[in-house]
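Heads up, the thing below is written out as structure tokens.
Sequential numbering from 1 along the given sequence is applied to the chain's residues.
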Amino acid sequence: MRTAENLFLHYVSDGPPARRQTISRAGLRRLVERARAARAPAALPDYADGAPPGPDRFTISFDDAHVSVVRHALPTLRALDVPATLFVPTAYVETGNEWASWDDLRRLRDAGWT
């Protein structure tokens with residue numbers, strides 16, 4: 001059984017990517033527009049509703065709670081009306097400038113992220 005295409009990302013930059021595993025905001029927009037040309041967006045809760053989303057759907061998830069996800073991915077995906085999932089290593093939250101705060105995570109939740 002084929003399921004949704006899953007796009008797994010880490011960091012998002014406002015300009016050219018400065019580190020491995022980084023996609024620019026423009027690159028994220030292109031990636032989503034390409035996926036959306038063939039599929040409809042889905043979200044993690046769609047998997048909990050019984051059968052997983054089929055091959056006509058796609059999901060986006062981010063590993064880690066890097067602040068770039070809040071600063072750059074959130075507004076980009078909000079403009080495209082696409083939900084996302086963030087997998088959060090809670091031990092890193094608020095431990096430095098590069099990690100999201102609890103308030104940041106609430107902003108993502110309030111924007112419909114899982």
>> Do Val93 and Trp113 land in one hydrophobic cluster if side-chain heavy atoms of ILVMFWY residues count as linked below 4.5 Å?
In response: yes
> Which class fits the ring pair His66 and Tyr11: parallel under 30°, tilted 30 to 60°, perpendicular over 60°?
Replying inline: perpendicular
> Between Val82 and Leu7, is there a shared hydrophobic cluster once you connect ILVMFWY residues whose side-chain heavy atoms come closer than 4.5 Å?
Replying inline: yes
>> Pair Leu86, Leu105 - check side chain to side chain contact (heavy atoms under 4.5 Å, CB included), show working.
In response: CA-CA 9 Å; Leu86 178 64; Leu105 297 176; 3.6 Å; yes
> Considering all heavy atoms of both residues, which atom of Tyr92 and which atom of Thr95 are nearest to each other, and what is their separation?
Replying inline: O-OG1, 2.7 Å
>> Let me confirm one number: the OG1-CG distance from Thr85 to Asn6, rounded to the nearest 0.5 Å.
In response: 9.5 Å
>> Treating Arg39 as the side-chain partner and Phe58 as the backbone partner, does any N or O pair qualify as donor plus acceptor under 3.5 Å?
In response: no
> How close do Arg2 and Pro55 get, heavy atom to heavy atom, and via which atoms?
Replying inline: O-CD, 3.4 Å
>> How close do Arg57 and Pro41 get, counting heavy atoms only, and between which atoms?
In response: NH2-O, 2.7 Å
> Are side-chain heavy atoms of Leu9 and Ser61 found at a separation under 4.5 Å?
Replying inline: no
>> Quick check: closest heavy atoms across Val67 and Asn97, and the distance to 0.1 Å?
In response: CG1-O, 3.5 Å
> Can you hop from Val88 to Leu74 via hydrophobic side chains spaced under 4.5 Å?
Replying inline: yes
>> Using the rule given for side chain to side chain contact (heavy atoms under 4.5 Å, CB included), can you reason through Ile23 versus Leu31, listing the C-alpha separation, both sets of side-chain angles and the distance that settles it, and then say yes or no?
In response: CA-CA 10 Å; Ile23 189 169; Leu31 181 69; 4.1 Å; yes
>> Could you report the tightest heavy-atom contact between Ala100 and Val70, atom names first, then the distance?
In response: CB-CG2, 4.3 Å
> Measuring from Arg29:CZ to Ser24:OG, what's the distance to the nearest 0.5 Å?
Replying inline: 11.0 Å
> Is Asp110 atom CG crowded by more than 12 heavy atoms from other residues, nucleotides or ligands, each under 6.0 Å away?
Replying inline: yes
>> Quick one: does any side-chain atom of Arg36 pair with a main-chain N or O of Leu80 as donor and acceptor, under 3.5 Å?
In response: yes
>> Test your reading of the model: is there a side-chain donor-acceptor pair from Glu94 to the backbone of Trp102, 3.5 Å cut-off?
In response: yes
>> Looking at every heavy atom in both Ala111 and Arg78, which two are closest together, and how far apart are they?
In response: CB-NH2, 3.3 Å
> Checking side chain to side chain contact (heavy atoms under 4.5 Å, CB included) for the pair Thr59/Leu44: CA distance, chi angles, key distance, verdict?
Replying inline: CA-CA 7 Å; Thr59 63; Leu44 185 63; over 6 Å; no
> Does any donor atom in the side chain of Arg25 or Thr76 lie under 3.5 Å from an acceptor atom in the other side chain?
Replying inline: yes
>> Would Phe62 and Leu108 count as a side chain to side chain contact (heavy atoms under 4.5 Å, CB included) here? Give the steps.
In response: CA-CA 12 Å; Phe62 293 88; Leu108 293 170; over 6 Å; no
>> Could you measure the distance from the CG atom of Asp56 to the OG1 atom of Thr3? Nearest 0.5 Å is fine.
In response: 11.0 Å
> CZ of Arg71: more than 12 outside heavy atoms within 6.0 angstrom?
Replying inline: no
